[in-house]
Each structure stands twice: as structure tokens, then as C-alpha cells.
Amino acid sequence: MNEHTLNLWEFMVQQADKLAVQTLQHIGLTFIALILAVLIGLPLGIFITRKKQFSGAILGVASVLQTIPSIALLGFLIPVLGIGPKPAIFALFLYALLPIIRNTFTGITGVDPSVKEAAVATGMNKWQILFKVELPLAMPVIFAGIRTATVITVGVATLASYIAAGGLGEFIFGGISLNNTNMILAGAIPAALLAVIFNFLLSRLQKINVAKINSVTKVLPFLLLLLASLYFAPSAYGSKLKAGFTPEFMGRSDGNLGLIEKYGLKINTVVINDAVMYKAAYEKQLDVISGYSTDGRLAAFNLVILQDDRHIFPPYYAAPIIKQATLKKYPDLENTLNLLSGKINDSVMTRLNYLTDYLHQSPEQVAKDFLVANHLYKPSRRGHEGTIIIGSKIFGEQYILANMYALLIKGNTNYDVATKTGLGGTKICFEALNNNQIDFYPEYTGTGLLAILKPSVKTVVAVSVGKDITYNYVNTEFEKKYDIKWLKPIGFNNAYALMMRKNQANSLHIKTISELSTYLNQK
Amino acid sequence: MIKVEGLSKNYGLVKAVDHISFEVAEHQNLILLGTSGCGKTTTLKMINHLINPSEGRIWINGVDITKEQPETLRRKIGYVLQNYGLFPHYTVAQNIAIVPQLLKWDKLKTQKRTLELLEKLHLPTDILSTYPSELSGGQQQRIGLARALAANPPVLLMDEPFGALDNVTKANIHAEFLALDELKQKTIIMVTHDVQEAFELGDRICLMDKGKIVQDGSPTELLLKPTNDFVAGFLKEQQLLLEFKTTKVLDLWALLNVSHLSNIEPTVNADLDLWTLIELIKKQKIDTITIQNSANGEVKTLRFEAIMQAFYQYIKAK
């Protein structure tokens with residue numbers, strides 16, 4: 001797919017089907033959450049205007065919910081609600097709640113007291129006062145709250161793709177992982193447009209004369225329901241097993257595309273963030289996942305790797321990549337970084353990952369323990385001859401490696417160390433390196449090949465046959481194109497792998513991806 | 001018609017209304033007069049149960065108001081607010097029709113009543129489809145009154161109904177208010193801090209201070225026989241004006257010395273109060289006027305100075 005570089009428009013046309021599905025899902029998710037938030041938030045808002053002693057508590061709780069980082073909130077919800085639309089909608093609902101409750105409260109308490117008194121004095125009962133006077137007059141303020149909630153929800157809904165609920169986040173996060181700007185924009189532009197359009201439409205609604213508010217109030221619920229139903233428009237096709245792949249895996253020729261092409265794999269697939277993927281597989285919400293072969297959770301969740309018998313996953317040997325200029329500036333650096341070379345094989349890395357990911361030891365501690373055990377640890381020299389900035393991607397293994405390098409540099413050289421860990425994905429890491437915001441980070445040969453260099457399919461096939469060939473190819477090309485050097489490989493191969501629960505794989509007699517494909521194609 | 005007995009309202013230790021009693025006869029217009037914070041508005045709001053009394057009882061037409069649903073009670077009492085309290089999201093027609101709608105009147109009856117009220121209050125019919133924010137203060141005031149009168153309640157409570165109007169508009173509306181036949185059929189309690197207004201509109205005035213009624217009587221009684229220094233002091237600033245307003249030419253009849261033997265136009269009735277007479281003389285730029293006493297048929301032609309002389313003699317004698 002990489003022979004011809006597509007421009008954004010061509011990409012969007014090519015992916016029009018997916019884009020349409022994602023956009024509909026996005027709108028659907030937003031408005032399902034919004035309807036729930038209105039259904040719960042409006043009565044709650046009215047309730048606290050009647051029982052003011054509860055207003056502080058309820059608004060406080062809603063405010064706190066608002067401050068929980070969205071990814072963390074999704075994480076909390078998985079054990080309770082699983083993956084898919086349920087937790088996504090629930091999280092979006094929680095975020096939409098505060099503006100709606102608060103504006104309902106403010107709107108109603110803000111109604112002119114003399115008008116309220118007139119309503120009482122003319123002999124209206126409390127429901128008549130609410131529906132004939134207070135709600136109509138508070139409506140512009142309540143609309144403003146719904147508008148705020150909509151804009152927040154459209155934005156946060158991009159994260160729904162983390163937990164297999166779809167939406168435009170699939171393109172955005174896939175694009176970030178794949179270093180594919182077109183893909184990012186194909187998700188980000190429609191998402192931004194949705195926010196702008198809904199904001200505009202609701203602002204028009206809000207400015208409507210109080211007099212005409214009655215008719216608007218009657219039309220709005222139907223409109224919301226219609227928009228919400230869009231989520232169900234794209235129907236998923238069923239299969240015996242359910243797969244959850246990361247957005248990155250979805251778009252890669254050594255990922256889902258290769259599975260379809262080389263293995264003819266037809267499986268009901270959802271897009272999911274790798275942070276929650278393993279757990280979802282363990283909890284039987286997913287049957288097949290795209291993991292990394294050294295991931296510590298492999299052991300923790302009792303998963304087994306399916307053998308890649310047709311060799312679609314190229315080798316992913318990890319090695320630090322660094323600019324030639326940096327190596328010249330810090331002459332002691334190269335030898336120090338190479339100290340780790342050949343020291344960590346697959347099983348060692350899996351164990352180290354297990355310690356951090358599952359036993360929750362700190363990456364610092366795991367790194368230090370490892371270096372001590374392998375007689376590589378030296379106390380810090382507290383050097384001041386310049387500061388090396390270490391980068392890392394946003395997953396456990398990279399944190400461990402970054403910490404190991406930090407200790408090695410402090411112990412073996414007179415350089416100081418700063419870290420910028422948790423850079424979200426290849427694109428961000430690589431751009432940071434290119435722009436000298438970090439000095440080096442551990443990269444994988446397969447990623448360098450497929451996500452950064454993106455050569456023709458022919459070349460990929462040609463250089464994927466052996467680990468040294470891949471390494472030599474990326475090293476040469478990186479020096480040519482970016483003046484960046486691949487240092488010696490650390491030793492482990494963190495390739496992509498398809499995984500299943502051990503019990504299920506055994507009972508279905510599936511050991512290889514071919515067997516999985518055959519099983520799925522049986523009627 | 002309305003009877004209030006031992007009525008009190010306490011807010012914590014503050015006695016907003018302190019054990020007051022009064023009665024209003026049918027078709028009477030009672031004014032609760034006093035400075036802000038004297039408890040007059042609280043008293044008014046207890047009568048239609050907007051505020052719960054701490055103590056005391058209220059009867060309307062012999063029925064204890066606590067024996068009735070507050071909503072049912074309020075639909076039988078017209079209520080006019082200082083800021084009118086018109087519903088900004090309703091048209092004028094909808095605003096006027098609020099209580100008839102709550103009482104489930106049929107549309108035709110409501111419409112007929114609305115048009116009738118518009119005519120009585122000298123409002124054009126094209127105002128019906130407009131919203132309150134498009135109206136002048138005076139128009140809003142009239143719509144507020146129309147809303148209160150819509151279901152034809154026997155009782156009308158008015159809380160500073162003219163308080164937000166400028167003096168010119170206020171004077172016009174006072175005149176209309178007095179001329180409106182419909183209001184003459186109502187038992188009205190009106191709250192105001194405006195002494196002139198109280199004297200102009202009230203059949204009876206309750207002057208209130210610190211939650212208590214200081215004096216309860218007719219305007220003339222308050223003016224000429226104040227029960228204590230507070231009452232005298234309260235009225236002092238506008239004493240002369242009020243005296244002019246409360247004194248009728250008829251009251252001075254015996255003291256009036258005829259200035260001319262032949263009648264000089266215009267001729268007015270001796271029923272007129274002095275203030276209106278002075279206004280008339282000023283407006284027409286005349287100094288002599290003929291007054292007819294319809295009680296005994298006598299006619300006197302007088303110079304302005306002669307009337308004034310008689311007035312001062314009359315006051316001194318009191």
C-alpha cells in the first residue's frame with residue numbers, strides 16, 4: 001500500500017466506508033451519552049433547586065467526575081462494564097453530566113424572583129410553576145449547558161476507540177501509532193468539524209427568542225434520539241470468535257492487513273487500546289488479540305502466542321536510535337549504551353515486563369535490580385558534562401529500558417540524564433528525536449522499517465526474512481535519510497503476535513494463525 | 001370581607017409583623033402605608049398565603065384561609081406586583097389568561113373577558129400578540145392589573161402597584177384607577193410607601209411601623225387627628241398638600257364670602273377637593289370661579305384669595 005503516497009483527500013476517499021462508519025459511530029456515541037446526561041442531569045439539576053442543601057454535594061461530585069482523566073476513567077470502568085460501547089457511553093455520560101446539572105441549577109435559580117412570585121400568586125401548583133414558568137425561562141441557560149456538554153463529549157468520544165467502542169479515534173490513534181499523518185487528519189478533521197457544527201447549531205438554538213422556546217423544546221428530544229440511533233446504523237458482522245486489535249495493528253501491512261491478505265483471516269474485529277486489551281482477553285470479552293511477544297501480561301493473563309507460520313510479522317529487535325551528531329558531541333555515550341546489547345533475550349524481557357505490568361514494581365526498581373544482578377550497575381558519578389535526554393514510548397518495556405540507560409549513563413560517564421518518557425507512539429517519539437527534543441530512544445527494527453521508512457512492499461518482503469537483514473537495512477537507510485544511527489540490538493524480539501487464552505487455544509486445537517483461519521472459515 | 005386577627009410573622013428574633021388586627025369591609029380600599037421594613041408587604045403576602053403567618057388568623061368572607069388549598073385560595077385573589085411579574089415568555093393575551101386557564105375556563109369566555117379588560121384599561125387590541133418586553137412601563141402595569149382582574153376575583157391585593165412608574169404616568173394611572181368601575185366592586189388591600197398615593201386612592205389607611213399598626217383610620221382622620229407624634233411626623237412634610245386633597249369646597253361652604261354677585265364661568269361642583277380646584281384654576285389661568293352647592297342649590301362666585309382665606313380659617317378651627 002505504500003508504493004504511492006496518497007494525499008489526504010485520496011486517503012479519505014479510499015477509506016470512505018470506514019470514515020463514514022466511524023463518523024456515524026462518533027455521532028451516535030456522543031448523543032446516546034448526551035441523552036442519558038440530559039435524562040439524569042436535568043431532573044438532578046431541578047432536584048437541587050428544590051433541596052438546596054444537596055446542591056453542594058451533587059455539583060461537587062459532578063465536578064470531581066469531570067476532573068478524572070478520561071483514559072483513567074475508562075480503565076476504572078472496564079472491570080465493571082467490560083469493553084465496547086457500554087463503558088464508553090457511561091464515561092461520556094459522566095463527563096456530560098456536570099454542565100447539564102450546573103446550568104439547570106443556575107438557569108432555574110436565575111429566574112426573576114418577581115416572575116416566580118407572580119406564578120405562585122396566580123395560583124399555579126408546583127408542577128405548573130416548574131413546567132410553565134421555570135423551565136421555559138431557564139431553557140436558554142440549560143441549552144448552553146447541553147451545548148458545552150456536546151462539545152466536551154464530541155472531543156472525549158475520540159477515546160472510545162481505546163475500548164473497542166469505535167468512533168473517529170480509531171483513525172486518530174491509528175495514525176499516531178503508524179506515523180500516518182493522513183490517517184490522523186482523516187480522524188481529527190471530521191471530529192473537529194463535528195464539534196464546530198454541533199456547537200454552531202446549538203448556539204443558534206440557544207439564541208432563539210424565549211417566546212419560541214416551547215416549539216424548540218418539543219422538537220429537540222426527537223432530534224437527539226435520531227442522532228443517537230446513528231450508532232447502531234453500521235452493523236457488525238458476527239463470527240465465532242471476537243478479535244481486538246490496536247489501532248496501530250489495524251492499519252499495518254504486518255498487522256491486520258497482512259492477516260487478511262496472507263492468511264485470509266475473517267474475524268469480527270474491534271479496535272481497542274493495548275492498555276486494556278490483555279485484560280479484556282483474560283476476561284473473555286475478546287478471544288484473539290494483537291499483542292507484543294515480550295509483553296509481561298502474556299504470562300500474567302495466561303495467554304498463548306499463535307505461531308506466525310506464514311511469516312507476516314517482521315522482526316522487531318529493539319535498539320537505541322540516536323543522531324550521529326549526538327554521538328560526536330558525547331563521545332562516551334555509544335559504548336555505554338551498547339553495554340546492554342545482547343543482555344536481554346525474549347524471556348528475560350517478558351519477565352521484566354511481568355514485574356512491572358503485573359506485579360506493579362516500579363520500572364526504576366526493576367531496571368536497577370536487573371543491572372545489579374548482571375554486574376552492570378555502578379553508583380552515579382553525578383557528572384555535569386552535559387545532559388542526555390532519554391525518550392521512551394508510552395508502555396512498560398520502554399520505561400524499563402529508559403531507566404536502565406539512565407543508570408548506565410550516570411554510572412559510567414560524567415553526563416547527567418533527563419528523561420522524557422511516555423511519548424505517545426512512534427510518530428511523537430521519532431519527531432522528538434528529529435527535532436533534538438530527545439537524544440535517543442529505544443526503537444524496534446520492524447517499526448523503523450514499516451512505520452518510519454515505509455519502503456515498497458517488495459522491499460519489505462525482501463528485508464523481513466532475517467533479523468540481521470532488517471537491522472542492516474534500517475540502519476543504512478536511517479543514516480542516509482535522517483543521519484540517525486541504530487546502536488547494537490539489545491537482544492529481544494518484541495514482534496507482533498496474535499494471542500489467545502491458553503485454555504481456549506488448547507480446546508480448539510489452534511496453535512498457528514493458519515489453524516485459526518481454518519477454524520474461522522469452517523461453517 | 002377580610003378579617004385579620006392577631007397576625008404575626010417572626011424571622012428568627014425579628015418580628016416583621018407584630019400582632020396586628022384589622023378588618024376590611026366589602027368594596028373598601030384599604031392602604032397599608034409605611035416605610036420599607038415596616039411589615040406592610042409581609043402582611044399582604046400572608047393574606048394570600050405567599051407567606052405563612054407565625055401566629056394569628058385570617059378570614060376571607062368568613063372562611064379561614066388555612067382551611068383552603070393555597071392554590072385554590074390564590075386563584076380567587078387578584079395579585080398585582082410592584083415589578084408586575086409578567087411572564088416574559090408569554091404574550092400579553094397568554095399573560096392575561098393565566099388564571100382563567102388555571103380555572104379551566106373555555107376559550108371563548110376567556111377571550112371575551114380579555115377584550116373587555118383591554119377596553120376598560122384603554123389598551124389597544126393589537127397589544128395582545130406582543131410580549132411584555134415590548135411594552136412601556138405603564139402598559140405593563142395595566143397588563144399586570146388585567147391579569148389580576150381576569151378571573152373576576154372579589155379581592156385584590158396590590159403590592160406597590162405603581163412603585164416603578166414615573167410621576168407623570170403614575171398620576172394618569174391614579175386617575176384611571178379611581179375612575180375604573182370594576183375596581184369599585186372589589187375589596188382592595190394596597191401596600192404603598194407613597195403618602196400622596198395613599199391619600200389619593202385609599203378609603204382607609206393603616207399606617208404601619210416596626211410591624212405594628214400605628215393608626216388605622218380615614219385619610220382625614222390621620223391628617224387631622226393623628227394619634228401620636230409618629231403619625232404627625234410621617235405626614236408633616238406633605239401636610240399642606242394632603243390637607244388640600246382631603247378638604248372639599250363643601251367643607252368650607254359657610255366660611256366662603258362671595259366676591260361677585262354675578263356668576264362668572266366656569267362653574268364647578270362644591271364636591272371638588274381643594275387640590276383639584278387649585279389645579280383647575282392654575283390650568284385655565286383664571287382668578288374667579290363659580291361654585292354650585294348641589295346639596296342646597298346655592299351658588300357662590302369667588303375669587304381665589306377668598307377660597308384660601310376660608311381654607312385657613314377652616315384649618316385653624318380644627
Side-chain angles (χ1 to χ4, degrees), chain A residues 42 45-46 49-53 103-104 106-146 202 204-221, chain B residues 41 44-45 47-51 68-104 129-134 140 143-144 146-151 153 155-161 163-164:
Chain A
L42 200 63
I46 294 168
T49 61
R50 298 295 185 264
K51 307 265 177 214
K52 288 237 167 69
Q53 66 268 36
N103 283 40
T104 306
T106 319
I108 290 180
T109 45
V111 171
D112 182 350
S114 71
V115 172
K116 257 190 240 183
E117 184 177 68
V120 180
T122 51
M124 292 189 185
N125 64 34
K126 58 180 183 171
W127 294 108
Q128 287 166 330
I129 293 168
L130 178 65
F131 287 107
K132 283 175 187 275
V133 179
E134 287 179 309
L135 276 182
L137 289 176
M139 223 21 106
V141 183
I142 297 175
F143 275 148
I146 296 177
L202 286 165
R204 294 296 299 267
L205 218 53
Q206 194 188 332
K207 283 193 198 103
I208 270 175
N209 191 330
V210 276
K212 292 171 194 142
I213 215 95
N214 285 326
S215 51
V216 176
T217 321
K218 277 169 203 144
V219 177
L220 200 66
Chain B
T41 298
L44 188 79
K45 287 182 179 174
I47 294 170
N48 69 349
H49 224 270
L50 284 177
I51 294 176
E68 238 175 331
Q69 275 282 323
E71 287 84 19
T72 321
L73 171 78
R74 289 175 195 138
R75 287 170 198 176
K76 290 190 284 191
I77 300 176
Y79 188 71
V80 183
L81 294 84
Q82 174 170 18
N83 299 314
Y84 325 126
L86 296 177
F87 301 118
H89 57 307
Y90 283 171
T91 59
V92 167
Q94 287 169 319
N95 263 292
I96 295 176
I98 288 281
V99 185
Q101 200 199 13
L102 293 173
L103 293 169
K104 304 199 164 56
S129 54
T130 59
Y131 287 90
S133 59
E134 301 165 54
Q140 290 188 35
I143 303 299
R147 182 177 65 184
L149 292 172
V155 176
L156 203 57
L157 303 180
M158 306 177 94
D159 184 8
E160 303 263 10

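Everything quoted here is computed from the prediction, not taken from an experiment. Reminder, nothing fancy here: chain letters follow the sequence lines and each chain counts from 1.
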Legend entry - N125(A) versus chain B, the contacting section by heavy-atom distance below 4.5 Å: both
Legend entry - Heavy-atom donor-acceptor pair, R147(B) side chain to N95(B) backbone, under 3.5 Å: no
Inset, instruction - Can you measure from CD (E134(A)) to CD1 (I129(A)) and round to the nearest 0.5 angstrom? - result: 7.0 Å
Legend entry - Partner chain B: residue of Q128(A), M124(A), E117(A) with the largest heavy-atom pair count (under 4.5 Å): E117(A)
Inset, instruction - Please tell me if the side chains of T122(A) and Y79(B) come closer than 4.5 Å, counting only heavy atoms from C-beta onward. - result: no
Legend entry - Parallel, tilted or perpendicular, as decided by the 30° and 60° cut-offs, for the rings of W127(A) and F131(A): parallel
Inset, instruction - Report yes or no: does N48(B) contribute a side-chain atom to a donor-acceptor pair with the main-chain N or O of R74(B) at less than 3.5 Å? - result: no
Inset, instruction - Could you look at K132(A) and say if it's the side chain, the backbone, both or neither that has a heavy atom under 4.5 Å from chain B? - result: both
Legend entry - K45(B) portion near chain A, given a 4.5 angstrom heavy-atom threshold: side chain
Legend entry - Portion of L73(B) that has a non-hydrogen atom of chain A nearer than 4.5 angstrom: neither
Inset, instruction - Just give me the residue among L103(B), L86(B), N83(B), L102(B) that pairs up with chain A most often, heavy atom to heavy atom, under 4.5 Å. - result: L102(B)
